Amino acid sequence: MRRLIEGALADLARDGALPSAALGATFSVDRPKRAELGDVATNAPLALQKLAQMPPRAVAELLAERLRGAEGVREVAVAGAGFLNVRVTPAVFHAVLGDVLAAGVAYGRAPAATGERILLEFVSANPTGPLLISHGRGAILGDAVGTLLEAVGHRVTREYYVNDFGNQVRLLGESVRAMLEGRPAPAGGYGADYVRELAAWLGANAKEAVADPDPMALARAAVTRMLDGVPGSTVLPGIKTTLASLGVRHDAWFSEESLHRWGRVSAALIELSQRGYLEEREGALFFKSESEGDDKDRVVRKSDGLYTYFASDIAYHADKIARGYDRLIDVLGADHHGYQARVRGALRALGSKDEKLEVLLYQLVNLLRDGKPYKMGKRLGNLITIEEVVDEIDEAARRVGAGADALRYFYLSRRSDTTIDLDLEVAKKTSLDNPVFYLQYGYARACSMLARADEVFHVGTAALRLTPALAARLDQDDELAIVATLGRFPALLAEAAALREPHRIVFYAQELSQAFQSYFTRRKDDPVLPQEKHTREPGWEARWDWDKTRARLLWIEAIRSAYGAALRLLGITALPRMVRLDDAGRDGAAKATEDDEEAGT
RNA sequence: GCGCCACUAGCUCAGCUGGAUAGAGCGGCGGCCUCCGAAGCCGUAGGCCACAGGUUCGAAUCCUGUGUGGCGCGCCA
């Protein structure tokens with residue numbers, strides 16, 4: 001439709017009816033807010049008025065004249081100050097339906113590997129403790145952004161940067177050692193339950209690391225356990241396991257320690273030094289990031305001779321560039337936003353284009369309990385892990401995966417730049433009222449109708465073809481409105497990917513589900529499939545309008561495809577059917593969970 | 001003090017690359033199951049879009065300022 005309008009404008013310019021300067025204007029081509037106005041609306045006349053130096057209504061009239069008679073256009077109306085409302089022919093809707101049916105769950109996707117090579121770094125939580133509920137946001141956001149980018153044709157490497165070097169890791173090792181020897185944890189060390197479990201396992205299974213005089217040997221063994229988990233432990237399932245249970249995937253695990261081991265850190269610093277970006281002051285080595293737009297210069301080597309975290313970060317980003325990516329995306333929590341300037345500065349100082357780096361910042365998750373701030377601390381021993389929240393919801397919903405779906409929905413349904421309040425009590429109490437189940441229910445309902453059509457009436461959509469005659473049987477406004485919604489999906493997906501905003505997909509899926517479910521409830525008197533009251537009359541089969549049924553089944557199949565595509569992008573399970581939890585069952589399940597918890601405390 | 005992010009219905013949030021009468025879920029009120037899944041649907045009440053200026057034919061949307069809240073400003077990671 002946009003092409004049609006652009007074409008019409010170009011024609012007008014060529015004919016001299018419009019100044020060619022007017023072609024530079026940007027305008028919208030959308031569905032009007034009120035469906036009765038038309039199928040497609042554009043504000044082009046309003047947007048063009050300045051450049052065209054004509055009143056908008058005059059532009060609108062010219063454009064309307066040009067569009068009338070164009071293929072697919074049924075009716076054009078000039079409205080308001082200069083809007084153009086267009087009604088399209090049924091053929092346009094049918095073409096959309098054909099596209100969706102042909103593409104299936106791949107609907108809306110661009111051909112693979114047609115875009116940029118992107119390195120997407122996310123989570124990268126310190127491997128000194130289990131993943132907490134607050135880490136979930138970065139994990140799920142990063143994963144969903146990765147999926148979106150892939151869907152529009154980019155080649156994405158998802159990477160977890162493992163901070164297995166430096167103070168924190170050393171302290172983890174020392175805390176384990178202290179635990180093994182019955183001493184209290186060192187200052188700033190770790191003393192939570194999971195360290196006890198970690199120490200017990202390492203003491204029994206990693207004798208070489210325990211015996212090694214190098215304290216880093218034990219620290220490294222501990223990090224490996226934090227990532228892989230302690231077999232059979234619920235306290236320490238392992239970061240990789242937790243991410244897998246959320247459906248979060250990484251392609252690569254990049255070790256910070258390896259940068260040091262292979263001399264990458266010193267090499268990067270030498271490079272900076274040769275370019276005149278390093279300066280020694282008071283015994284420490286500074287990177288002159290202030291000259292590259294940072295607030296102040298940053299230390300890369302402390303006066304005690306040890307490199308800072310930032311030093312490895314320079315080397316890490318230099319390495320990413322060297323690996324040949326077109327774009328580096330770092331998904332970071334808002335508490336790291338200060339990093340951008342210095343890392344950007346370092347890339348620029350190393351002679352790379354800093355525009356390659358894109359920082360996707362997400363605001364933090366505020367934990368509340370009964371409306372009051374809930375402070376978590378590794379030393380307080382009150383850590384809320386992803387694992388435990390997910391398990392609890394799984395149990396309440398009586399399905400493994402329900403917790404991951406609920407958490408993914410929770411995090412993905414909000415824009416990344418707003419702070420989230422997560423009330424643990426409310427989250428538990430309302431886990432079964434989570435809107436994610438609404439999304440899944442709509443999908444299950446579509447599947448269930450298709451299955452019933454196939455099994456009971458032997459009308460499988462796989463064997464059906466959308467012929468023009470069949471397509472013409474879809475003529476109701478609400479049916480065509482949903483087709484129009486399906487038609488929007490590819491553009492929406494492209495936009496969501498470009499803006500790195502998965503929440504747009506959530507709201508789209510919600511809208512689709514709502515329109516779909518509303519349709520069936522409102523049309524109880526005009527069912528797609530024959531009902532009992534029809535089938536008990538002899539000879540009903542000859543009287544039933546099977547073509548209408550076939551047309552609508554294909555329509556449902558198309559909805560199911562787009563719907564499934566959206567859920568897949570979000571990483572939310574598309575369930576072909578959902579086990580009904582009646583009110584008693586839901587209460588019972590919720591109650592059982594509470595009881596269990598009390599028993600466990 | 002400086003920087004980043006936000007402020008939209010009672011609550012949680014969409015809408016923000018300017019466009020027509022600002023939307024959804026939850027909660028409130030009132031309806032709808034002998035028939036395609038009621039984890040559903042329909043209706044209804046509820047809004048100085050934080051505030052003040054500015055730009056514009058047009059501002060929830062862009063700019064400036066103010067207020068409130070979150071986060072950051074280590075020779076920590």
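Within every chain, numbering begins at 1; the chains are lettered A, B, ... in the order of the sequence lines, protein sequences first and strands thereafter. Note that these values count all heavy atoms, side chains included, but never hydrogens, waters or copies made by symmetry. Quantities reported herein were computed from a predicted structural model and do not represent experimental measurements.
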Between [X] and [N], is there a side-chain N or O to OP1/OP2 distance below 4.0 Å?
X	N	value
Gln514(A)	rC42(B)	yes
Lys524(A)	rG37(B)	no
Lys296(A)	rC2(B)	no
Arg415(A)	rA14(B)	yes
Arg445(A)	rA38(B)	yes
Lys302(A)	rC76(B)	yes
His336(A)	rC4(B)	no
Thr418(A)	rG70(B)	no

Across all strands, who's sitting opposite [N] as a Watson-Crick or G-U wobble pair, both distances under 3.5 Å?
N	value
rC33(B)	none
rA39(B)	none
rC73(B)	rG1(B)
rU61(B)	none
rG67(B)	rC7(B)
rG23(B)	rC13(B)
rG46(B)	none

Tell me whether the side-chain N or O atoms of [X] pair up with the base of [N] as donor and acceptor below 3.5 Å, since no angle test is needed here.
X	N	value
Gln49(A)	rC57(B)	yes
Asn85(A)	rA20(B)	yes
Tyr161(A)	rA77(B)	no

What interatomic distance, in whole Å, is found between P of rA77(B) and the corresponding atom of rU17(B)? 40 Å

Please measure how far the P atom in rG30(B) lies from the corresponding atom in rG67(B), and state the result in whole Å. 46 Å

Could you tell me whether [X] contacts a base, only the sugar-phosphate backbone, or nothing, with contacts defined as non-hydrogen atoms closer than 4.0 Å?
X	answer
Ala284(A)	base
Leu37(A)	base
Glu282(A)	base
Gln363(A)	base

Considering only side-chain heavy atoms of [X], which listed nucleotide, [options], is closest?
X	options	value
Arg522(A)	rG40(B), rC41(B), rA77(B)	rC41(B)
Asn167(A)	rG25(B), rG19(B), rA77(B)	rA77(B)
Tyr438(A)	rC41(B), rU12(B), rC36(B)	rC41(B)
His337(A)	rG37(B), rC71(B), rC75(B)	rC71(B)
Tyr309(A)	rA77(B), rG37(B), rC71(B)	rA77(B)
Asn43(A)	rC75(B), rG19(B), rC57(B)	rG19(B)
Asp335(A)	rC36(B), rG72(B), rG74(B)	rG72(B)
Phe520(A)	rC36(B), rA77(B), rG40(B)	rC36(B)

Residue pair Arg522(A), Asp478(A): steps toward the salt bridge (Lys or Arg N to Asp or Glu O under 4.0 Å) verdict: CA-CA 10 Å; Arg522(A) 281 184 290 104; Asp478(A) 47 3; 3.1 Å; yes

Between Asp164(A) and Val223(A) the two heavy atoms that sit nearest each other are CB-CG1, 4.1 Å

Looking only at heavy atoms, the pair that brings Ala284(A) and Val299(A) closest together is CB-CG1, 4.5 Å

Length of the line joining [X]:[atom1] and [N]:[atom2], which is rounded to integer Å:
X	N	atom1	atom2	value
Asp294(A)	rG72(B)	CG	P	17 Å
Arg504(A)	rC13(B)	CZ	P	18 Å
Tyr339(A)	rC76(B)	OH	P	12 Å
Leu364(A)	rC4(B)	CG	P	17 Å
Leu499(A)	rA14(B)	CG	P	14 Å
Phe507(A)	rG15(B)	CZ	P	7 Å

I'd like to know if the side chain of Arg414(A) and the backbone of Phe410(A) have a donor-acceptor N/O pair within less than 3.5 Å.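 Checking the backbone N and O of Phe410(A) against the side chain of Arg414(A), a donor-acceptor pair under 3.5 Å is found.
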
Check whether any side-chain N or O of Arg137(A) sits under 3.5 Å from a backbone N or O of Gln363(A) as a donor-acceptor pair, and report yes or no.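 Between the backbone of Gln363(A) and the side chain of Arg137(A) there is a qualifying donor-acceptor contact (under 3.5 Å).
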
Comparing Ser448(A) and Val299(A) on RNA chain B - which has the more 5′ nearest nucleotide: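 Residue closer to the 5' terminus by nearest nucleotide: Ser448(A).
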
On RNA chain B, more 5' by nearest nucleotide between Arg281(A) and Ser413(A) is Ser413(A)

Tell me whether Arg488(A) is salt-bridged to Glu511(A), with the criterion being a basic N under 4.0 Å from an acidic carboxylate O.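 Salt bridge flag = yes for Glu511(A) with Arg488(A).
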
One thing to verify: whether Lys548(A) and Asp526(A) come together as a salt bridge, which I'm taking to mean a side-chain N less than 4.0 angstrom from a carboxylate O.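 Yes, charged N to carboxylate O under 4.0 Å.
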
